[in-house]
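Here is how names work: the chains are called A, B, and so on, in the same order as the sequence lines, proteins then strands, and each is numbered from 1.
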Amino acid sequence: MAAVTDFPILSVITWAPFVSALVIMFGARHRPGFVRWTAAAGSSVSLVLSLWLYWAYDRAAAGFQFVERVELVPALGIAYELAVDGISLLMILLTAIIIFAGVFASWTVKTRAQEFYALLLLLVTGVFGVFVSLDLFVFFLFYEIAVLPMYLLIGIWGSSGAVRPQGIFGWAFGRTGVGTKEYAAMKLTLYLLFGSAFILVGILALYVAAGSQSFSFLTFERTTFSPALQTWVFLAFYIGFGILAGIWPLHTWSPDGHASAPTAVSMLHAGVLMKLGAYGVVRLGMGLLPEATIDWAWLVGTIACINIVYGALSAMAQTDLKYVVAYSSVSHMGVVMLGAATLTESGLNGSVFQMFAHGVMTGLFFALVGLVYEKAHSREIFKMGGFATMMPGIAAAFTIGGLSSLGLPATAGFVAEFLTFLGAWTSAHSWWLFPAVLGAFLTSIYVLRVVRHIFWGPPSADPRFQNLPDAQGPEWVAIGILVFVIVLFGVIPGIAIDPVDTATVPLLTRLGVFP
Amino acid sequence: MAALSAPLALELGTLALLVLVLLSGLFGPKGSALPARLAFGGLVALLFVAWNAQPGASAFGGTFVVDELALFAKRLFLASAALSVLASLGGGPGPVPRRAAEYHVLLLGSLLGMLALASARELILLFVAFELMSIPLYVLTGFRKREDRASEAALKFFLVGTVSSAVILYGLSFVYGAAGTTEMAALPAAVDEGHPLVYLGLGLVLAGLGFKIAAVPFHMWVPDSYEAASAPFVAWLSVAPKAAGFVAVFRLYLEGMGVTALAWVPVAATLAVVSMVAGNLMAIPQSNIKRLLAYSGIAHIGYMLLGFAAMSANGTGMVLFYLVAYLFGNMGAFFVVEAVGRSESSDQLDAYKGLAQRSPMLALSLLVFLLSLGGIPFMVGFWAKLYVFWAVIEQGMYALAFLGALLTVVALYYYLVVARYMYIDAPVRAGAIAVPVSLTLAIAICLTGVVGMGVYPGPWVDGVLRVAGTLFR
């Protein structure tokens, strides 16, 4: 089942960004070109190797492959153990694509570019590490690495929004500075660390209950935990990872965080980090605690439905472009969690596929929003207009991303949503289908409205928005790759579904709900 | 080598060094650096002796022992004292260089008391050593006698400290009354009879010791003292007396009580929770970094008390590990405070604005120390917190571990506020901060400790577990 290779491909994928971060920190003072090309080189190493890994994964054999294991602290059972299965394979590909696009989308960062790229690459190492870790302790270590740099990245290079709440909220929020990047950075970091406290206690509880021998996922998979322990540990994991996944009502760090963050950081965060939360629920919650999963599936699914509708309604009310995309992320993460809660093959496949599809979509959105902001220096939707004549490339890409978001066939978003809806209807709670479809309907409202208003409508009279340039040079790389992936996976979804299916079917079998 | 392990070798060595420094101050030129350098050299030599000493010696009929716990504590005291003296070596103008001999004599006197305390297995000896440790600390707190704040802080510390000493002595008198002997070796037999006076006495002693280790609600002297005294001294004050207090607690409650120590779990747990909560919450509104670190220190004492409340070999070992982690993290942070304080003449957080752009290595060092105190992985503080939580979970006290984990997030808030001043805010003044060589060396040693032990904690954990095991035979 586990194929051990001599070349530690997973370690190289994980640590290549870290190595390039070190090179940048120590070798590139006052040499911005060197900084960017080193970052591009590091992320392209990860991308190329991820593509090779994707092709080389043995779909017939399934299970965990490319295993690497080095003992770290034998006395406590901590080992540096890496492996991929179908689900994490797709997630690694997603991360590699997003960071590669993100490096190019940040090409114009001028102030302190050296530290920016170093922190960004350090963050990506943490994300890769979480997806490939098979040892839960090392999993947690990488998780912390993926959260900590966010504070500096948003606080230094972010942008403060123009959100000014009115009335009683205005009085309350005036004292706390909501809308500023410092506020968003602190709230995001503290909220995510708060979630990690839950995760740590859950992991330690499982470790002690399994005999304090090993932190390996495989050991825990073989252990049967008592139903009482499973119940509260599943809740701890659901809350801890759910905070990162943006479940309602613990999602409030997300809109402020995404809107205030610089482009590449938003791409990574909404595109990959939120999926990390959902991945944690699926891998640790569903994978290790079968009875609790079945008991709590109703809660996960119901909150997911609330996510979908609440996120969509909130997105409709926004006038700031970045906040629309941020709330739409909250809504689409609801689809991910819903697919997982259905405990059906199509639902879980749809959930993982939506993690990938939405990751690419939202990466594209934030890249484009970043470009629009850079050229127009504004995020106010209703002041802009008629941009399609000035920047047709960005307009086309934005429209394709929007159509994928609302689930138009031939885009990746359609496949994800269709599978999830099918899973919802065939699950134990068929009524979940209706909020989900309502969410898709609401999504089309706000997406089409935004796209029409900014790009395809009558031109704006505002003097700031005349004669704006289209995307240039390296910016095309980011846009091009992401659009290509959306369309490719929409037209040939089998490329993704086949490996994912090899992982979801055994997981559901272990839960006892398959077929 | 056998002479090195002689029971009073370290104490006599410290006394000789003290006399030497005193004489060099009396007969040497005024304001010379000789006393300080002598003290540093002597402390390094004593640390070398302590490192190579073997446990097992005892003197005065078993009332003065050099066992594993005593050796561990002595090494900790000597290392922290050496680091503190190193950091104050290259100082600019100020009271310390002018009266350097007095400063170092007092420091060595307090150190002598701590060394004796670590070995004391008799109640009177314990108390005398305790007093010898405390009284120089009062004087050193008020060393900058021209400043009002220093005199106020010293007086507060002195009054509170004297009351606590009186309370300890009162408690010890009850213990003597019940046990009929002042030797700690005879205490478990006397305590087995369940005499209520013993519990009363030990309760009073815990309250008195609580002052020294700065547990809530005995912590009132801490913020003022930290703010008013010089940073290298405060670095030592924040670590060594607290470690001494914990050693005294272990001697009395674990060794002395035997199996009835379990009765103290609720008391210890309550003290731990109150310290963690109050320390973390009171640190949030601080605008002076020394006061912030003072309250955060109180919170860390809460975590250590949590490990003590586990009442197991694991828990106790993890308290010792936490003390080492705390030594490097906290002293390192105060050394950076000293560097910035000398350059900016201010300990307010505003002085740290834009530090990352002015002196990137200094800012990075402070960030590493603060993240270690906050329990972030790859720094030793993470292992310290993790082991304490694990020891507590092993005893089934899940709620305590959970509370501790949550309060860690609160702590990270105010540590990140400092990071915000350093990295996100723009600098008010340009130009790198000049740091003397000795201070840079001290910071570098602490950095090495924090990161080195953070990446490779194994041998240290084995060491402290071995020491703790001797307490639970």
Side-chain angles (χ1 to χ4, degrees), chain A residues 25 29 71-76 78 111-112 114-115 119 126 137-138 140-145 147-158 180-183 185-209 212 229 232-233 236 240, chain B residues 284 314 354 356-357 360-361 363-364 367 370-371 374-379 382-383 385-396 398-426 454-459 461-462 465:
Chain A
M25 270 317 285
R29 203 152 256 281
E71 294 290 336
L72 279 184
V73 186
L76 294 175
I78 302 174
T111 52
R112 298 160 79 177
Q114 181 191 16
E115 285 120 314
L119 283 169
F137 191 80
V138 176
F140 183 77
L141 290 190
F142 278 120
Y143 179 96
E144 296 281 292
I145 299 180
V147 168
L148 249 301
M150 297 296 291
Y151 181 70
L152 291 178
L153 282 168
I154 299 180
I156 304 179
W157 292 279
T180 61
K181 59 184 165 73
E182 289 85 5
Y183 170 88
M186 183 66 84
K187 183 155 99 168
L188 184 148
T189 311
L190 288 185
Y191 224 134
L192 294 183
L193 288 173
F194 176 69
S196 75
F198 285 87
I199 299 172
L200 180 63
V201 174
I203 292 179
L204 283 179
L206 289 184
Y207 172 71
V208 170
S212 301
L229 182 74
W232 75 261
V233 171
Chain B
I284 294 178
N314 267 350
Q357 292 171 284
M361 284 314 292
L364 184 63
L367 184 67
L370 291 177
L371 290 180
I376 298 298
F378 296 107
M379 268 127 347
F382 168 70
W383 294 105
K385 285 225 165 71
L386 179 74
Y387 288 140
V388 164
F389 293 153
W390 180 33
V392 167
I393 287 182
E394 257 190 349
Q395 300 299 112
Y398 293 100
L400 286 181
F402 196 59
L403 183 66
L406 286 184
L407 287 170
T408 308
V409 181
V410 175
L412 277 164
Y413 166 71
Y414 52 79
Y415 293 140
L416 283 179
V417 164
V418 180
R420 188 187 85 210
Y421 278 101
M422 290 199 296
Y423 280 89
I424 300 179
D425 288 343
V455 171
Y456 194 52
V461 175
D462 292 336
L465 282 177

note = Of L204(A), L148(A), L141(A), V201(A), the largest count of non-hydrogen pairs under 4.5 angstrom with chain B goes to L141(A)

query = At a heavy-atom separation under 4.5 Å, does E394(B) approach chain A through its side chain, its backbone, both, or neither?
reply = neither

message = Rounded to the nearest 0.5 Å, what separates atom CZ in R420(B) from atom OG1 in T189(A)?
response = 12.0 Å

query = What orientation do F194(A) and F198(A) show, parallel under 30°, tilted 30 to 60°, or perpendicular over 60°?
reply = perpendicular

task = Please flag which part of F137(A) lies under 4.5 Å from any non-hydrogen atom of chain B: side chain, backbone, both or neither.
result = side chain

request  = Name the member of F389(B), F378(B), F402(B), Y398(B) that forms the most heavy-atom pairs with chain A at distances under 4.5 Å.
outcome  = F402(B)

inquiry  = Please give me the minimum heavy-atom distance between L367(B) and M422(B), naming the atom from each residue.
reply    = N-CE, 4.0 Å

key: Selection residues 190-208 of chain A - residue pairs positive for side chain to side chain donor-acceptor pair (under 3.5 Å), sequence neighbours left out   = E144(A)-S196(A)

ask   = Between I78(A) and chain B, which part of the residue has a heavy atom less than 4.5 Å away: side chain, backbone, both or neither?
value = side chain

query = Where on L416(B) is there a heavy atom nearer than 4.5 Å to chain A: the side chain, the backbone, both, or neither?
reply = both

note = Most heavy-atom pairs under 4.5 Å with chain A, out of D462(B), T408(B), V417(B), L386(B), belong to L386(B)

query = Can you name the residues that form a side-chain hydrogen bond (donor to acceptor under 3.5 Å, both in side chains) with E71(A), not counting sequence neighbours?
reply = R69(A)

Student check: side-chain heavy atoms of F382(B) and L371(B) closer than 4.5 Å = no

message = With a 4.5 angstrom heavy-atom cut-off, is it the side chain or the backbone of L200(A) that approaches chain B, or both, or neither?
response = side chain

